[in-house]
Amino acid sequence: MTPEQVQRYFTRSDGQYLFARWGRPIVPVVFGVDDATLSVVKGAIEAVVTLAGHKMAETDPELGANLMVFFCRDWAELPQVPNLDRLVPDLGPLCARLSAAQANQYRFFRFDADGAIKAAFVFLRMDAHLQAMAAEDLALAQAAQVICLWSDRAFAESSPLATVGGQVILRPDIGDLIRAAYAPVMPVVARDAAHALRLAARL
């Protein structure tokens, strides 16, 4: 992967380069699924966290859980979740926009004072497209997309997953990029595109 290709993964629609990774252990909780799917989602998160060389924990001292994954049938369900509007600002108008856009997924991040990721919220509206995906594949794709703060365009045209021998896996180039991003010598937050050069040098 060239430095230019790496840079595109963290350059937002407005032209700003912005990278962030988790600054604390990840504590996931999943809503709206059965126990079997719950274990699949948590297993995918654990696999990506292990790949990154990061940590998981049983509880976050500030938030309890800091990675919340919500499965729903309709965006209108989310504003009815108790206290969710306190965690995600303007939740009602957001759900209205997502509904109007017929979106099937949305991710929202919160950050520490230094800019590191401290919480992430994943919302999945199970439309026909997402229902057609195996739970393992859907969970792996979402785990990959919350382990870092990617550009809003990073996976607009290509999935972070690949199929090899009939099995769906995390794309090796994306896995390498995640691993490089979590190297101890790399910064937790970066706003300068020179960061992409350092990442590319580690691939």
Participant: Would you say that F70 contacts V30 through its side chain, given a criterion of any heavy-atom pair below 4.5 Å between the two side chains?
Facilitator: no
Participant: Please name the pair of heavy atoms, one in D14 and one in Q16, separated by the smallest distance, quoted to 0.1 Å.
Facilitator: OD1-N, 2.9 Å
Participant: Which distance, rounded to the nearest 0.5 Å, do you find between the NE2 of H54 and the SG of C148?
Facilitator: 10.0 Å
Participant: Measure the shortest side-chain to side-chain distance between H129 and N104 over non-hydrogen atoms and say whether it is less than 4.5 angstrom.
Facilitator: yes
Participant: Quick check: does any side chain N or O of D137 sit under 3.5 Å from a backbone N or O of L140, one acting as donor and the other as acceptor?
Facilitator: no
Participant: Short question: side chain of Q167, backbone of T163 - any donor-acceptor pair under 3.5 Å?
Facilitator: no
Participant: Measure the spacing between CZ of F109 and CD1 of I117 and express it to the nearest 0.5 Å.
Facilitator: 5.0 Å
Participant: Evaluate whether atom CZ of R12 has more than 12 neighbouring non-hydrogen atoms of other residues, nucleotides or ligands under 6.0 angstrom away.
Facilitator: yes
Participant: Aromatic rings F155 and Y9: how do their planes relate, parallel, tilted or perpendicular, breaks at 30° and 60°?
Facilitator: tilted
Participant: Between Y106 and M133, is there shared hydrophobic-cluster membership here, with clusters defined by ILVMFWY side-chain heavy atoms closer than 4.5 Å?
Facilitator: no
Participant: Let me check something: do L18 and V188 share a hydrophobic cluster, defined by ILVMFWY side-chain heavy atoms less than 4.5 Å apart, either directly or through other members?
Facilitator: no
Participant: A side-chain contact here means heavy atoms from C-beta on lying under 4.5 Å apart; do L87 and F108 qualify?
Facilitator: no
Participant: Test side-chain hydrogen bond (donor to acceptor under 3.5 Å, both in side chains) on Q145 and R107 and set out the steps.
Facilitator: CA-CA 9 Å; Q145 291 180 84; R107 283 168 293 279; 2.9 Å; yes
Participant: Does some side-chain heavy atom of W150 sit less than 4.5 Å from a side-chain heavy atom of F10?
Facilitator: yes
Participant: Which atom names give the shortest non-hydrogen contact between R153 and T11, and what distance separates them?
Facilitator: NH2-O, 3.5 Å
Participant: Let me confirm one number: the SG-CG distance from C72 to L78, rounded to the nearest 0.5 Å.
Facilitator: 4.5 Å
Participant: Is it the case that the side chain of N66 and the backbone of V27 share a donor-acceptor pair, with hydrogens and angles ignored and the cut-off at 3.5 Å?
Facilitator: yes
Participant: Are V41 and I169 connected in a single hydrophobic cluster, I mean Ile/Leu/Val/Met/Phe/Trp/Tyr linked by side-chain heavy atoms less than 4.5 Å apart?
Facilitator: no
Participant: Is it true that atom CD of E58 has more than 12 heavy atoms of other residues, nucleotides or ligands lying nearer than 6.0 Å?
Facilitator: no
Participant: Only counting residues at least two apart or in another chain, list the ones meeting salt bridge (Lys or Arg N to Asp or Glu O under 4.0 Å) with K118.
Facilitator: E62
Participant: Less than 4.5 Å apart, any side-chain heavy atom of P3 and any of Q7?
Facilitator: no
Participant: Identify every side-chain donor-acceptor pair in residues 193-202 under 3.5 Å, counting partners at least two apart or on other chains, and give the distances.
Facilitator:
| from | atom 1 | to | atom 2 | distance (Å) |
| --- | --- | --- | --- | --- |
| H195 | ND1 | Y17 | OH | 2.7 |
| R198 | NH2 | V185 | O | 3.2 |

Participant: Indicate yes or no for a side-chain donor-acceptor contact from W22 to the backbone of V146 under 3.5 Å, with no hydrogens or angles considered.
Facilitator: yes
Participant: With a 6.0 Å cut-off (strictly less than), is the heavy-atom count around CG of D35, excluding the residue itself, greater than 12?
Facilitator: no
Participant: Are any of the side-chain heavy atoms of W75 and F123 separated by less than 4.5 Å?
Facilitator: yes
Participant: Report, as yes or no, whether the 6.0 Å neighbourhood of atom CD on Q5 holds more than 12 heavy atoms from other residues, nucleotides or ligands.
Facilitator: yes
Participant: Any side-chain to backbone donor/acceptor pair from D85 onto G92? Under 3.5 Å, distance only.
Facilitator: no
Participant: Is there a donor-acceptor pair under 3.5 Å between the side chain of Y182 and the backbone N or O of I147?
Facilitator: yes
Participant: With a 4.5 Å heavy-atom cut-off, do V189 and R21 have their side chains touching?
Facilitator: no
Participant: Can you sort out the partners of D173 under salt bridge (Lys or Arg N to Asp or Glu O under 4.0 Å), two or more places apart, ordered by chain and number?
Facilitator: R171
Participant: Spell out, yes or no, whether V168 and I45 are grouped together once hydrophobic residues are joined by side-chain heavy atoms under 4.5 Å, including indirect joins.
Facilitator: yes
Participant: Measuring from atom CG of L138 to atom CE of M126, what distance do you get when rounded to the nearest 0.5 angstrom?
Facilitator: 5.5 Å
Participant: Can you name the closest pair of heavy atoms from T37 and A135 and give their distance?
Facilitator: CG2-CB, 4.4 Å
Participant: State whether the side chain of R125 and the backbone N or O of A103 hold a donor-acceptor pair below 3.5 Å, judged by distance alone.
Facilitator: yes
Participant: Starting at NZ of K55, measure out to CD of E46 and round the result to the nearest 0.5 Å.
Facilitator: 13.5 Å
Participant: Please tell me if the side chains of R24 and D112 come closer than 4.5 Å, counting only heavy atoms from C-beta onward.
Facilitator: yes
Participant: Can you tell me how far apart CG (L170) and CG (D176) are? Round to the nearest 0.5 Å.
Facilitator: 9.0 Å
